[in-house]
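The structure under discussion appears below in the form of structure tokens.
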Amino acid sequence: MFVLVEMTDTVRIPPWQFERKLNESIAEELNKKLANKVVYNVGLCICLYDITKLEDSYIFPGDGASHTKGRCFSLHFRYVVFHPFLDEILVGQIKSCSQDGVHVSVGFFDDIVIPPESLQQPAKFDETEQVWVWEYETEEGAHDLYMDIGEEIRFRVVDETFVDTSPTGPSSAEASTSNAAEVQKKEAPYTLVGSISEPGLGLLSWWTNS
């Protein structure tokens, strides 16, 4: 679920932080810049793990701040990143349900969806309750097992999608409609697709009560 990713960056240390330990200042600036942000094709950044390479600082003319530069582009460091591997099994909570499927949260990350075709089958969407239902077949007939909001759910990661959400300058023809389009649809930069269509997956209560 969590991986260590090697990164490089240039960190700007303002003059009023010169009295602090350099590593503390760098760690604070890196976490301000990266923590809780999605890096394209990398994952959701959580926190700094360690600094692996650090070179001498230098000061730009007209700038009283120090820029710590390491090998290559700047300093090298390792960052803790949330990036589950495919087929990894996770446990989260049902955040909501819609015709698109079951939307799941793991607390610090909410962009997880289990599409209808990846639910335990046969499944149906209850329009009144706005939840998905597994029509569990037994010798006594079918029983409706509701996937209620807030329930803990075990799922397998089967796919992921990264979307480059970097700002782009719209052309003059698009400028008048860009704001409206942005409000109408704002894509998540990182989405996980899950599946519960196999024994042992789905609501934890299904299997603990069986």
Side-chain angles (χ1 to χ4, degrees), residues 1-13 20-55 68-97 100-115 118-120 147 149-166 186-208:
M1 182 164 65
F2 297 102
V3 295
L4 281 180
V5 177
E6 292 190 5
M7 298 182 178
T8 62
D9 202 352
T10 299
V11 175
R12 182 180 186 275
I13 305 299
R20 299 179 56 186
K21 291 183 179 180
L22 183 59
N23 281 6
E24 292 180 359
S25 298
I26 291 175
E28 181 178 332
E29 293 301 316
L30 285 174
N31 284 326
K32 283 181 181 179
K33 184 175 183 179
L34 295 173
N36 203 33
K37 293 181 175 62
V38 171
V39 176
Y40 186 68
N41 283 341
V42 174
L44 176 67
C45 294
I46 304 298
C47 65
L48 178 68
Y49 183 77
D50 62 7
I51 297 171
T52 58
K53 180 67 176 178
L54 187 63
E55 287 187 357
T68 300
K69 184 177 181 180
R71 202 171 105 195
C72 293
F73 301 101
S74 16
L75 65 95
H76 277 212
F77 57 95
R78 292 188 296 177
Y79 218 85
V80 179
V81 174
F82 173 70
H83 189 180
F85 57 83
L86 297 185
D87 287 333
E88 184 171 359
I89 293 178
L90 304 178
V91 175
Q93 283 191 328
I94 297 178
K95 181 182 178 184
S96 64
C97 293
D100 296 329
V102 177
H103 303 272
V104 179
S105 171
V106 291
F108 56 88
F109 184 77
D110 296 341
D111 296 313
I112 305 170
V113 62
I114 303 173
S118 297
L119 300 173
Q120 294 277 6
M147 303 181 203
I149 295 173
E151 289 279 358
E152 289 190 307
I153 186 169
R154 183 187 294 115
F155 61 96
R156 184 186 300 278
V157 178
V158 295
D159 199 5
E160 64 181 11
T161 302
F162 283 94
V163 176
D164 188 356
T165 57
S166 301
K186 188 174 183 179
E187 292 184 285
Y190 178 40
T191 303
L192 293 176
V193 179
S195 173
I196 61 170
S197 60
E198 58 187 277
L201 299 184
L203 267 62
L204 301 189
S205 60
W206 292 349
W207 308 106
T208 56

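Numbering of residues begins at 1 and proceeds along the displayed sequence.
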### Query
Could you go step by step and tell me if I51 and I26 meet the side-chain contact (heavy atoms from CB on, under 4.5 Å) rule?
CA-CA 9 Å; I51 297 171; I26 291 175; 3.6 Å; yes
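- Enclosure of atom CZ in F162 by more than 12 non-hydrogen atoms of other residues, nucleotides or ligands within 6.0 angstrom is indicated.
- Summarising the geometry, atom CZ belonging to F155 is positioned 9.0 Å from atom CD belonging to E88; distances are rounded to the nearest 0.5 Å.
- Shown here are the side chain to side chain contact (heavy atoms under 4.5 Å, CB included) partners of V3, two or more places apart in sequence or in another chain: V5, V81, H83.
- With hydrogens and angles disregarded, no donor-acceptor distance shorter than 3.5 Å links the side chain of E151 to the backbone of Q93.
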### Task
In sequence, state the C-alpha distance, the side-chain angles, and the governing distance for K33 and E29, and then conclude on salt bridge (charged side-chain N to carboxylate O under 4.0 Å, His left out).
CA-CA 6 Å; K33 184 175 183 179; E29 293 301 316; over 6 Å; no
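- A distance of 4.5 Å separates CD1 of I94 from CG of L203, quoted to the nearest 0.5 Å.
- In this structure, I196 and I153 have side chains that are in contact, with non-hydrogen atoms separated by less than 4.5 Å.
- With sequence neighbours left out, E24 forms a salt bridge (Lys or Arg N to Asp or Glu O under 4.0 Å) with no residue at all.
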### Query
Does the pair Y190 and F109 meet the rule for a ring-ring contact (aromatic ring centres under 6.0 Å, His included), with working shown?
CA-CA 10 Å; Y190 178 40; F109 184 77; 5.3 Å; yes
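- S118 approaches G194 most closely through the heavy-atom pair CB-O, 3.6 Å.
- In this structure a side-chain-to-backbone donor-acceptor pair under 3.5 Å is missing from E6 to Y79.
- Between the CG atom of L119 and the CG atom of L201 there is a distance of 11.5 Å, given to the nearest 0.5 Å.
- Considering CE of M7 and SG of C45, their distance stands at 4.0 Å, rounded to 0.5 Å.
- Between L86 and V158, the closest side-chain pair of non-hydrogen atoms is not below 4.5 Å.
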Side-chain donor-acceptor distances from residues 100-107 under 3.5 Å, at least two apart:
{"residue": "H103", "atom": "NE2", "partner": "S98", "partner atom": "OG", "Å": "3.0"}
{"residue": "S105", "atom": "OG", "partner": "G107", "partner atom": "N", "Å": "3.0"}
{"residue": "S105", "atom": "OG", "partner": "D110", "partner atom": "OD1", "Å": "2.5"}

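- Applying the salt bridge (Lys or Arg N to Asp or Glu O under 4.0 Å) rule to R156 yields the partners E198; only residues at least two apart in sequence or on another chain are considered.
- Taken from CD1 in I149 to SG in C97, the straight-line distance is 6.0 Å, to the nearest 0.5 Å.
- For the pair R154/W206, no side-chain contact is recorded, criterion being any heavy-atom separation below 4.5 Å from C-beta on.
- Every ring pair (Phe, Tyr, Trp, His ring centres under 6.0 Å) that F108 has, sequence neighbours left out, goes to F2, F82.
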### Query
Could you go step by step and tell me if N31 and C47 meet the side-chain contact (heavy atoms from CB on, under 4.5 Å) rule?
CA-CA 6 Å; N31 284 326; C47 65; 4.2 Å; yes
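- The two residues P84 and L90 have their closest heavy-atom pair at CG-CD1, 3.8 Å.
- Using a distance-only test at 3.5 Å, with no hydrogens or angles considered, no donor-acceptor pair links the side chain of T161 to the main chain of T191.
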### Verdict with reasoning, K53 to F77, per side-chain contact (heavy atoms from CB on, under 4.5 Å)
CA-CA 7 Å; K53 180 67 176 178; F77 57 95; over 6 Å; no
### Message
side-chain contact (heavy atoms from CB on, under 4.5 Å), that's the test. Do M1 and F85 meet it? Break it down for me.
### Response
CA-CA 7 Å; M1 182 164 65; F85 57 83; over 6 Å; no
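- For residues 36-45, there are no side chain to side chain donor-acceptor pair (under 3.5 Å) pairs, not counting sequence neighbours.
- For the atom pair L30 CG and L75 CG, the distance stands at 5.5 Å (nearest 0.5 Å).
- For the side chain to side chain contact (heavy atoms under 4.5 Å, CB included) test, residues two or more places apart in sequence or in another chain that qualify with S197 are S195.
- Each salt bridge (Lys or Arg N to Asp or Glu O under 4.0 Å) pair with one or both residues in residues 40-50, not counting sequence neighbours, appears once here: D50-R78.
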